[in-house]
Amino acid sequence: MFSLNEYLDEILSRYYHFKIKKLKNLPSHVAIIMDGNGRWAKKRGLPRTAGHRAATRSIRKIIEASLQSKIRYLSLFAFSTENWKRPKEEVDSILKLIEEQLKENLEELNSNGVKIKLVGSRRNLPEFLIKSFEEAEKKTSKNDRLTLYMLINYSGRREILEAVEKIIENPDSFEAKEEKFRELLYEPEMPDPDLIIRTSGEIRISNFYLWQSAYSELYFTKTLFPDFKKSEFFKALMDYSRRKRRFGGLAEF
Ligand code: IPE
Ligand code: IPE
Ligand code: MG
C-alpha cells in the first residue's frame, strides 16, 4: 500500500537515481546511525515501539536504494551496547522486531544478492537472535552484490577492547601496526565507511565505528529515521560525490 508521500518519494528518487548513475565518485561503504524513532512516535502520540516498527520501512527502502545505486557495503547501527539502559520492554521489543524482520525479509534479500552479517559483541545477546543471524549469514554467505552489516549490541570502544583482549591472550603474534590491529576487529575484511549518515539532528557519533570512521565523510540530517526515505539517501550520495577527500594529503585539482 502506497501513501501519497511514498509515491512522491518514488518519483523524486527516480529523478535522483538518473543523476546518480552518471556520477563516478560514489561511496562504496555507507553507514547509517538510524536515530529518532522514539521522537517520531512521540510526535504522533504513539508508543516508542511504533517508531521502531516504522523504521523497518525506511530500512527496506535504503536497502533498495543501495542496490539500485550499486553501493557495495551498507552498515546499519540498530542497537548499541548503551541501549541496554532503556526499559526492558523497549529493549525486548527492539530485539524481537529485528529478528522478525530478518525472517520476513530473508528470502527477498537473498534473491537480491545481499550478504548479511551480524556485527557486535555476541556476549550478552539473546540466543534466538544469534541463531537467526547465524542461519541468515550461512544462507547468504556466497552473495556478493551488497554486504549488509547489522550492528546489534555494538560499541566502538567495546570492539577495540575485545581486540586488545585477543592481543593479551596471544601477545607474541601481534605487531603494533594498523593492518595487524584491523585483523582483530569484528569484520577484518570490511572496508572503512566512506560515508556515515546520522538522522534526527544529533551531531555526534555515539560510540559508532570509532576505529573505522577515522576518515569517513559525515552527513547529518534533521529527518527522523522513520521519515528517512530513498530520495534523501540519494541526496546524501550526491552530496558525498561533491566532496574532496584528502586523507591528510593535498587535493588534486
Ligand atoms: C534509534 O531511535 C533506535 C535505537 C537507538 C534503538 P531512538 O529510539 O534512539 O529514538 P530517539 O532518539 O529517542 O528519538
Ligand atoms: C545511537 O542512537 C545508537 C543507534 C542508532 C543504535 P542513541 O539514541 O542510542 O544515541 P544517543 O544516546 O542519543 O547518543
Ligand atoms: Mg536516539
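The first residue of the sequence shown is numbered 1, and numbering continues consecutively from there. Just follow the structure's listing: the first ligand is 1, and inside any ligand the first atom is 1. Please read all numbers here as calculations on a predicted model, not as lab measurements.
- Those atoms of ligand 2 that come under 4.0 Å of a heavy atom in Asp35, given as number and element, are 2 (O), 8 (O).
- Among all non-hydrogen protein atoms, the one lying nearest atom 10 (O) of ligand 1 is Gly38 N, 2.9 Å.
- Among protein heavy atoms, the minimum distance from atom 14 (O) of ligand 2 is reached at Ser206 OG, 2.6 Å.
- Salt-bridge formation is detected for the pair Lys139/Glu107: a Lys NZ or Arg NE/NH1/NH2 atom is positioned less than 4.0 Å from an Asp or Glu carboxylate oxygen.
- With a 4.0 Å cut-off on non-hydrogen atoms, Arg86 touches ligand 2 through its side chain and not its backbone.
- Here the protein heavy atom with the shortest distance to atom 9 (O) of ligand 2 is Asn83 ND2, 2.9 Å.
- Glu202 is linked by a salt bridge (charged side-chain N to carboxylate O under 4.0 Å, His left out) to Arg39, Arg204, counting only residues two or more places apart in sequence or in another chain.
- Every atom of ligand 2 with a heavy atom of Arg198 under 4.0 Å away is listed here by number and element: 1 (C), 2 (O), 10 (O), 11 (P), 13 (O), 14 (O).
- Residue-ligand proximity, Phe79 to ligand 2, at heavy-atom distances under 4.0 Å covers atoms 6 (C).
- With Lys117 as reference, Glu187 is the one residue of Glu137, Glu189, Glu134, Glu187 to meet the salt bridge (charged side-chain N to carboxylate O under 4.0 Å, His left out) rule.
- The closest approach of Asp35 to the Mg ion (ligand 3), by N/O/S atoms, is made by OD1.
- Electrostatic pairing of Lys61 and Asp9 does not count as a salt bridge here, judged by no charged N lying under 4.0 Å from a carboxylate O.
- Atom 3 (C) of ligand 2 has its closest protein heavy atom at Phe77 CE2, 3.7 Å.
- The closest protein non-hydrogen atom to atom 13 (O) of ligand 2 is Arg204 NH2, 2.8 Å.
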